[in-house]
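This report concerns only the one structure given below.
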Amino acid sequence: MDSLDRSTIWPYDEHGEPREFYYSRYASPTVAEAERALGALEGGEALLFPSGTGAATALALALLTPGDTIALAEGAYYGTSVLFQTLAKWGLRYVEFDQTGPPPDDVQLIWLEAPSNPFLTMPDLDAAVAHPAPVLVDSTVATPIFLRPLEHGADYVLHSVTKYLGGHDDALLGAVAGHDLADLQSFRTRTGISPAPDPAWLLARGLKTLEARVRRQTESATAIAQRLAEHAKVVTVRYPGISGLISFDVADGDAARIVETSTQLIANATSLGGVTSVMESRHRWEGDRVPAGLLRLSIGLEDPDAIWGDLAQALNKL
Ligand code: PLP
């Protein structure tokens, strides 16, 4: 079993020299073990951060300088665009582009999402890696089970570990994977954006069941996406065929509110990627960036017929 070491300090060696671990802001054994496991899955190295957003902040600040521009996938996770707006006062800019085609010229970092949340488009990775700027793929939803971006030439992979990798809605954590993360690690230590051991331990545990979970979630989501597409009250269904995340539209905001508050098994809550099915209207957070009737549904590990039964009775209230 993996051990959980909550120490913040470890004694120097018999000559008074620091060993591998001496102060937990620099590195710690439970975090290092989880990083090794995730790095192996992504085909590179991995570094953990206190949240997915913390990982994004650290990477943007470590890599870019004032005046630089990020090309951000249109329709990507709302919080990422909010982060980049927040960083504007330090001179970072961003432009949005359609990630199914090539990124714009004159940008210093390309930020893709596989698949984007909640529009669920997949990026054109070949077009992005042909661009001279470094490429980051937020692969939170795909997970390394379905996509290993480093193998396709991406420079960095980002995860909200809070989602599928942790998998149980009980650990807030983020990660960056890549081939040479020494500068980012040094930036993490110096800025103090260091992860705690408890969520790292939960990541290591989550990775052991990751493949079994996401394969089952994919199977269930495939069946449910099909049934949604056949339902008279459903206008649009988006499902890329990997992972457990679906988004679909009902007529308008009022209809979405009725559906999200009428389920019993499916929790009306935010986030995604856990063992419990959750659904929410995204309009409340994202405004007119998304259709008023858009519902985001994260399929958990419950019996898929029971999930569909719950969803169908909610849709039948319309
Ligand atoms: N990236 C994606 C695709 C997400 O869905 C989220 C959270 O919803 C994040 C990043 C941010 O992660 P965290 O909430 O762990 O900061």
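Side chains included, hydrogens not; waters and symmetry mates left out as well; all remaining heavy atoms used. Model, not experiment: these values are computed from the prediction.
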Are [Y] and [X] linked, directly or through intermediate hydrophobic residues, by side-chain heavy-atom contacts shorter than 4.5 Å (ILVMFWY only)?
X: Phe119; Y: Met122; answer: no
X: Tyr26; Y: Leu181; answer: no
X: Leu173; Y: Leu59; answer: no
X: Leu64; Y: Leu87; answer: yes
X: Leu61; Y: Val107; answer: no

Item checked: Parallel, tilted or perpendicular, as decided by the 30° and 60° cut-offs, for the rings of Phe84 and Trp111 ->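 Perpendicular, since the angle between the ring planes exceeds 60°.
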Notebook entry, point to check: Mind checking whether His231 and Trp308 have parallel, tilted or perpendicular rings, split at 30° and 60°?
Noted result: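 His231 vs Trp308 ring planes: perpendicular.
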Sub-4.5 Å side-chain heavy-atom contact between [X] and [Y]:
X: Asn268; Y: Glu280; answer: yes
X: Val95; Y: Pro104; answer: yes
X: Phe248; Y: Leu294; answer: no
X: Ser298; Y: Tyr164; answer: yes
X: Pro29; Y: Trp10; answer: yes
X: Phe187; Y: Thr189; answer: no
X: Glu286; Y: Pro118; answer: yes
X: Val250; Y: Ile258; answer: no

Report yes or no: do [X] and [Y] form a side-chain donor-acceptor pair below 3.5 Å?
X: Thr121; Y: Ser116; result: yes
X: His283; Y: Asp288; result: yes
X: Gln85; Y: Tyr94; result: yes
X: Ser277; Y: Glu302; result: yes
X: Arg238; Y: Ser247; result: yes

Item checked: Identified side-chain contact (heavy atoms from CB on, under 4.5 Å) counterpart of Pro149 within the set Leu136, Val157, Val129, Leu112 ->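 For Pro149, the side-chain contact (heavy atoms from CB on, under 4.5 Å) test succeeds with only one of Leu136, Val157, Val129, Leu112, which is Val157.
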Check: Any salt bridge between Asp170 and Arg205, counting N to O under 4.0 Å?
Finding: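 Salt bridge flag = yes for Arg205 with Asp170.
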Margin query: Check Glu42 with Arg36, please: is the shortest side-chain N to carboxylate O separation under 4.0 Å?
Written below: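 Salt bridge absent between Arg36 and Glu42.
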Looking at [atom1] of [X] and [atom2] of [Y], how far apart are the two atoms once the value is rounded to the nearest 0.5 Å?
X: Asp254; Y: Leu318; atom1: CG; atom2: CG; value: 10.5 Å
X: Leu311; Y: Leu297; atom1: CG; atom2: CG; value: 6.0 Å
X: Thr162; Y: Leu172; atom1: OG1; atom2: CG; value: 4.5 Å
X: Phe21; Y: Asp5; atom1: CZ; atom2: CG; value: 9.0 Å
X: Thr143; Y: Leu210; atom1: OG1; atom2: CG; value: 5.0 Å
X: Glu113; Y: Gln99; atom1: CD; atom2: CD; value: 7.0 Å

Checklist line | Partner residues of Arg215 under the salt bridge (Lys or Arg N to Asp or Glu O under 4.0 Å) criterion, sequence neighbours left out | finding: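 Listed in chain order: Glu211.
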For [X] and [Y], work out which heavy atoms get closest and say how close.
X: Val31; Y: Pro195; result: CG1-CG, 3.7 Å
X: Pro304; Y: Ile224; result: O-CD1, 4.0 Å
X: Phe49; Y: Ile193; result: CD2-O, 3.5 Å
X: Ala200; Y: Leu48; result: CB-CD1, 3.8 Å

Next item on the list: In sequence, state the C-alpha distance, the side-chain angles, and the governing distance for Asp305 and Arg227, and then conclude on salt bridge (charged side-chain N to carboxylate O under 4.0 Å, His left out).
Entry: CA-CA 11 Å; Asp305 289 333; Arg227 291 163 106 163; 3.3 Å; yes
Just by distance, do the side chain of [X] and the backbone of [Y] share a donor-acceptor pair under 3.5 Å?
X: Asp155; Y: Pro134; answer: no
X: Arg25; Y: Gly192; answer: no
X: Asn316; Y: Ala312; answer: yes
X: Arg213; Y: Gly206; answer: yes
X: Thr140; Y: Ser160; answer: yes
X: Ser51; Y: Gly54; answer: yes
X: Gln313; Y: Ser262; answer: yes
X: Arg296; Y: Ile246; answer: no
X: His131; Y: Ala133; answer: yes
X: Thr263; Y: Leu265; answer: no

Side chains of residues 71-83: which donor-acceptor pairs under 3.5 Å do they make with residues two or more places apart or in other chains?
residue, atom, partner, partner atom, Å
Tyr78, OH, Trp285, O, 3.4
Ser81, OG, Tyr78, O, 2.7

Next item on the list: Would you check, one step at a time, whether the test side-chain contact (heavy atoms from CB on, under 4.5 Å) holds for Val137 with Tyr156?
Entry: CA-CA 6 Å; Val137 180; Tyr156 302 100; over 6 Å; no
Notebook entry, point to check: Can you list the steps and then say if Asp68 with Arg93 is a salt bridge (charged side-chain N to carboxylate O under 4.0 Å, His left out)?
Noted result: CA-CA 6 Å; Asp68 283 351; Arg93 296 173 237 272; over 6 Å; no
Are there more than 12 heavy atoms of other residues, nucleotides or ligands under 6.0 Å from atom [atom1] of [X]?
X: Asp13; atom1: CG; answer: yes
X: Arg284; atom1: CZ; answer: yes
X: Gln226; atom1: CD; answer: no

Next item on the list: Begin from the C-alpha positions of Asp106 and Thr69 and carry the test side-chain contact (heavy atoms from CB on, under 4.5 Å) through to its verdict.
Entry: CA-CA 8 Å; Asp106 295 329; Thr69 302; over 6 Å; no
Check: For Lys163 and Val141, what are the C-alpha separation, side-chain angles and deciding distance, and is it a side-chain contact (heavy atoms from CB on, under 4.5 Å)?
Finding: CA-CA 8 Å; Lys163 309 297 188 305; Val141 177; over 6 Å; no
Next item on the list: Could you go through the salt bridge (charged side-chain N to carboxylate O under 4.0 Å, His left out) check for Arg216 and Glu219 one step at a time?
Entry: CA-CA 5 Å; Arg216 156 110 175 172; Glu219 216 174 280; over 6 Å; no
Item checked: Val234/Asp249 under side-chain contact (heavy atoms from CB on, under 4.5 Å): CA gap, chis, key distance, verdict -> CA-CA 6 Å; Val234 174; Asp249 296 356; over 6 Å; no
